Each structure stands twice: as structure tokens, then as C-alpha cells.
Amino acid sequence: QVQLVEAGGGLVQAGGSLRLSCAASGRTLSNYAVGWFRQAPGKDREFVSAVSWRGGTTYYADPVKGRFTISRDDAKRAVYLQVNSLKPEDTAVYYCAAKKFGIATMGVTEYDYWGQGTQVTVSS
């Protein structure tokens with residue numbers, strides 16, 4: 001069982017930045033592909049970004065391309081999502097998810113482990 005813990009959310013003004021982190025309790029994430037998803041009130045959970053287990057491949061949803069950057073630091077056992085130029089429509093709970101030895105993919109159902117989420121609120 002892999003327990004994921006997100007951190008770094010908060011309340012920011014439009015145009016601001018945050019750095020979200022995802023760590024696995026008691027283990028490294030180096031053998032896992034990791035994805036970030038978000039869910040706004042009343043909406044389905046949607047793909048944001050993902051990185052393959054070796055870090056060579058990354059994907060971004062169109063609404064966040066050029067503003068968000070995913071990275072992994074296996075030495076620190078963490079995956080990060082740098083979110084810049086935030087917009088009110090980015091407001092959501094952000095979740096990280098992982099699957100072992102996987103390629104980076106965009107499907108919610110393709111990941112085996114999920115964190116509890118971190119709230120990002122962007123004020124206009």
C-alpha cells in the first residue's frame with residue numbers, strides 16, 4: 001500500500017504561484033509514475049499533469065500548459081507541481097496519484113494510489 005500526502009495548497013490572488021508537493025509515506029516514488037489531478041466543486045476530477053516513473057515523459061492538460069510544471073526529485077522522494085499565473089478557474093482540490101512502473105497517462109482510473117488532496121483557491 002502506498003500512502004500519498006500532498007502539501008502546498010493555499011489561497012492566492014490571480015497571477016500568483018504555488019508549489020504543490022506529493023510524497024509517499026515511508027517509501028520512495030522513484031518506481032512510480034505520478035499524476036496530478038484536480039476537482040472543482042460540482043465537477044468531475046480532471047487530469048492536470050503527469051510524469052513517467054523515470055521522469056523522461058511529462059504530459060499537461062491544455063488549460064495548464066505553459067503555466068504548470070511537473071518535476072520529480074527521487075532523492076527527496078517527492079513529485080512537485082509548480083503552478084504559476086494562477087487563474088480563478090484553477091480553484092480546486094488538487095490530488096496526486098501514483099502507479100508502479102507506469103508511463104505517464106491521463107486517465108483517472110489508471111492510477112492505483114491517491115492522496116487526500118490539497119486545496120488551491122485563487123481569488124480574482
Side-chain angles (χ1 to χ4, degrees):
Q1 188 72 10
V2 178
Q3 294 183 322
L4 301 176
V5 180
E6 302 96 335
L11 172 64
V12 296
Q13 292 185 329
S17 299
L18 290 169
R19 189 192 196 201
L20 309 182
S21 65
C22 173
S25 178
R27 66 172 67 206
T28 179
L29 282 173
S30 61
N31 293 330
Y32 294 80
V34 176
W36 283 95
F37 296 78
R38 66 186 181 186
Q39 188 166 19
K43 295 188 177 181
D44 293 334
R45 192 168 298 189
E46 64 176 9
F47 171 77
V48 175
S49 182
V51 60
S52 62
W53 72 283
R54 289 187 173 181
T57 304
T58 58
Y59 290 109
Y60 296 93
D62 286 344
V64 308
K65 282 181 181 177
R67 300 188 298 123
F68 291 12
T69 303
I70 192 170
S71 62
R72 60 188 311 149
D73 186 336
D74 292 333
K76 294 186 178 180
R77 304 182 174 187
V79 173
Y80 302 99
L81 187 68
Q82 179 69 38
V83 296
N84 298 329
S85 303
L86 283 162
K87 304 175 182 179
E89 51 264 43
D90 294 318
T91 295
V93 177
Y94 283 69
Y95 299 89
C96 70
K99 53 178 177 173
K100 198 167 186 180
F101 297 128
I103 60 173
T105 56
M106 297 178 279
V108 172
T109 60
E110 297 176 74
Y111 289 81
D112 301 312
Y113 307 102
W114 290 83
Q116 294 299 308
T118 185
Q119 176 71 47
V120 172
T121 304
V122 185
S123 62
S124 57

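Note that the structure is predicted; figures quoted are calculated from it, not measured. Positions are given from 1 along the sequence.
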Any side-chain heavy atom of [X] within less than 4.5 Å of one from [Y]?
X	Y	result
Leu86	Leu18	yes
Thr105	Lys99	yes
Val120	Leu20	yes
Gln82	Ser71	no
Arg38	Phe47	no
Val79	Leu81	no

Any chance you could measure [X], atom [atom1], to [Y], atom [atom2], to the nearest 0.5 Å?
X	Y	atom1	atom2	result
Ile103	Ser52	CD1	OG	8.5 Å
Tyr60	Lys65	OH	NZ	10.5 Å
Cys96	Trp114	SG	CH2	9.0 Å
Cys22	Tyr95	SG	OH	13.5 Å

Could Lys87 and Asp90 be called an ion pair, given the rule that one side-chain N must be under 4.0 Å from one carboxylate O?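 Here Lys87 does not pair with Asp90 in a salt bridge, since their nearest N and O are not under 4.0 Å apart.
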Exceeds 12 heavy-atom contacts within 6.0 angstrom, atom [atom1] of [X]:
X	atom1	value
Gln116	CD	no
Tyr59	OH	no
Glu46	CD	yes

Hydrophobic cluster membership, with links at side-chain heavy-atom distances under 4.5 Å among I/L/V/M/F/W/Y: are [X] and [Y] in one?
X	Y	answer
Val12	Val48	yes
Met106	Leu4	no
Val93	Val64	no

Does Trp53 have its ring centroid less than 6.0 Å away from the ring centroid of Phe101?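 Ring centroids of Trp53 and Phe101 are less than 6.0 Å from each other.
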For a quick check under 3.5 Å, do Glu89 and Thr91 share a side-chain donor-acceptor pair by atom type? no
When you measure from the side chain of Thr118 to the backbone of Tyr94, do you find a donor-acceptor pair of N or O atoms at a distance under 3.5 Å?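 Flag not set: sc Thr118 to bb Tyr94 has no pair under 3.5 Å.
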Check whether any side-chain N or O of Arg77 sits under 3.5 Å from a backbone N or O of Leu29 as a donor-acceptor pair, and report yes or no. no
Geometric class of the Phe37/Tyr111 ring pair [parallel <30°, tilted 30-60°, perpendicular >60°]: perpendicular
Do Arg72 and Tyr80 meet the cation-pi criteria used here (NZ or CZ under 6.0 Å from the six-membered ring centre, within 45° of the axis)?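 Because its charged atom misses either the 6.0 Å distance or the 45° angle limit, Arg72 does not stack over Tyr80.
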Please evaluate residues Phe68 and Asn84 with respect to the criterion side chain to side chain contact (heavy atoms under 4.5 Å, CB included), reporting the C-alpha separation (whole Å), side-chain torsions for both, the decisive distance (0.1 Å), and the verdict. CA-CA 6 Å; Phe68 291 12; Asn84 298 329; 5.9 Å; no
Should Trp36 and Glu6 be marked as a side chain to side chain contact (heavy atoms under 4.5 Å, CB included) after you check the CA-CA gap, both sets of side-chain angles, and the distance that decides it? CA-CA 10 Å; Trp36 283 95; Glu6 302 96 335; 4.0 Å; yes
Closest heavy-atom pair and its distance - Pro88, Ala14: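 So the two residues come closest at CD-CB, 4.2 Å.
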